[in-house]
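Remarks on the structure that follows.
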2 protein chains.
Amino acid sequence: MSTVRPPRSHVQVTADLVILTVRTGELHVLLIDRGNPPYLGQPALPGGFVRDGETLDQAAYREMAEETGLHEGEVVLEQLRAYSKPDRDPRGRVITVAYLALSPELPLPVAGTDAAEARWVLVEEALATELAFDHNEILRDCLEAARVRLEHTTAAAVFCREPFTVADLRHVYEAVWGQRLDPSNFRRKVTKTAGFIEPTGGRRFPDVGRPAALYTRGSATLLVPPLLRTGAEEPQH
Amino acid sequence: MSTVRPPRSHVQVTADLVILTVRTGELHVLLIDRGNPPYLGQPALPGGFVRDGETLDQAAYREMAEETGLHEGEVVLEQLRAYSKPDRDPRGRVITVAYLALSPELPLPVAGTDAAEARWVLVEEALATELAFDHNEILRDCLEAARVRLEHTTAAAVFCREPFTVADLRHVYEAVWGQRLDPSNFRRKVTKTAGFIEPTGGRRFPDVGRPAALYTRGSATLLVPPLLRTGAEEPQH
DNA sequence: CTCCTTTAGGTCAGTTCGACCATAAATGAG
DNA sequence: CTCATTTATGGTCGAACTGACCTAAAGGAG
């Protein structure tokens, strides 16, 4: 009865970036203020359109460099999933692929071409803000993915600028999970997991308290058995 | 200074399906023989183009119904990741999103519109075959994802038609992981994990050996602590 | 020197797991 | 009927890991 329409639909594809870091013990995400319509001036995740001849990974790294001044090698991006609701972008049919990055505390990013400004925002605050497109949903999903990643991999160490102390590493877990961890049990876990952290022999002398031994990231990437959140301890208010 | 070319590139997006099942104790994947160029007649994963107004999930379920006769509700599809190499499809710029499904042994799928034939193929055999596009890579990734899923979720139970025995469930793990498991320890794990399997009270009388109690799937979806592959035991040759 | 803070390390009970053994419940052969 | 075979079910034992908790070490401030 009806004419058979070509089933193919031309869409545009973007890569959006969720770049997380820990600053002053709290989890931050890198946001930009949109420099173009739609959502002009509204906060959003950095990202942009995939170009011809580019893979999604390449597009993600290019956008990261353009909009934040961070380069491949400084930060590792990992693909998470695609978001495809037909009306998620008022410009038309745009499917986005979200990328997650865990980054050490880096120099403040610089404003780029597509972005009026890039800045670190408290994750808690970003989630309470109305972000452009479906970026609130993307941020929520990436945050949960990051929490799971910390359970099963040694990824938390990339949040730390080397050399770091066991307490530095613990603060990362506490910031991402939003809960306090027992310092003693945490130490036992990370020091007895082969390849998680390697001692440098040096020490750091804080303003107060006993000096702490310094470590660098080890070669291990998987954490078996995992380091699980128990939900037992409450976040410090 | 220079004209700013629109950085946007129009691409086509497909959803490709990796539908796994266990038949006669061995892991199979659903393949089609391509009914259209390119790769005409060559085996491939089922899948197709996303249409206007459709999410990726909707496209995946629609393609599954069209090409295999399996419907939403019978099988649960889950998005895995996107594949975006610029030259992965000779027709032009096509990005695909892979979907993974674990299915109980279902009636042989019927031939559909886009596919000359859909059939179950041994995973081992499929991986040794040259599949269309980058489907070998997609299948490998999905297979590893399925193995991880069995470790951390109760997903293995959806491979079993209800009611099933503990041995049925164990055979699923053995097929997907390619290794033998200790029947006694496996039973202890699955029966003591609340909500994994629920006894029906019935029993199944095999040709030989003691009858086995029958179970249905429980309500739990996560497996904590996980059921880990140890790599200890070899697959039966 | 004494207090305070933070790191470092130890104890102890409870849980889980792998390896292994023992028993139960069915069938079929002699 | 008896026994061997097969598979299901259940128990034991020690190793490993964890959470809760405790103690000591190493620095600075007063």
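A note on names: the letters A, B, ... follow the listed sequences, proteins ahead of strands, and every chain is numbered from 1.
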Please confirm whether A:R81 makes a cation-pi placement over A:Y83, using NZ or CZ under 6.0 Å from the six-membered ring centre and within 45° of the ring normal.
yes

Along DNA chain C (nearest heavy atom to each residue), the more 5'-positioned of B:G209 and B:P225
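The answer here is B:P225.
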
Taking the nucleotide of DNA chain C with the nearest heavy atom to each, does A:P206 or A:S184 sit closer to the 5' end?
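Looking at the nearest nucleotide for each, A:P206 comes out on the 5' side.
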
Would you please confirm or rule out a distance under 4.0 Å between OP1 or OP2 of [N] and any side-chain N or O of [X]?
X: B:R170; N: D:dA8; answer: yes
X: B:R203; N: C:dA26; answer: yes
X: A:K189; N: D:dT18; answer: yes

Salt bridge check, B:R62 against B:E66: does any charged N sit closer than 4.0 Å to a carboxylate O?
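Yes, charged N to carboxylate O under 4.0 Å.
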
Measuring from the side chain of A:N185 (C-beta onward, heavy atoms only), which nucleotide among C:dA19, D:dC17, D:dA20 has the closest atom?
D:dA20

Establish whether the base of C:dG18 is bridged to the side chain of B:R188 by a donor-acceptor pair shorter than 3.5 Å.
yes

For a quick check, tell me whether the side chain of B:R210 and the base of D:dT7 share a donor-acceptor pair closer than 3.5 Å.
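No such pair is found, so the answer is no.
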
For B:E105, does the CD atom have more than 12 heavy-atom neighbours from other residues, nucleotides or ligands under 6.0 Å away?
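Yes, the 6.0 Å shell around CD holds more than 12 heavy atoms from other groups.
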
Between C:dC20 (C1') and B:D182 (CG): distance, integer Å
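Rounded to whole Å, this separation is 8 Å.
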
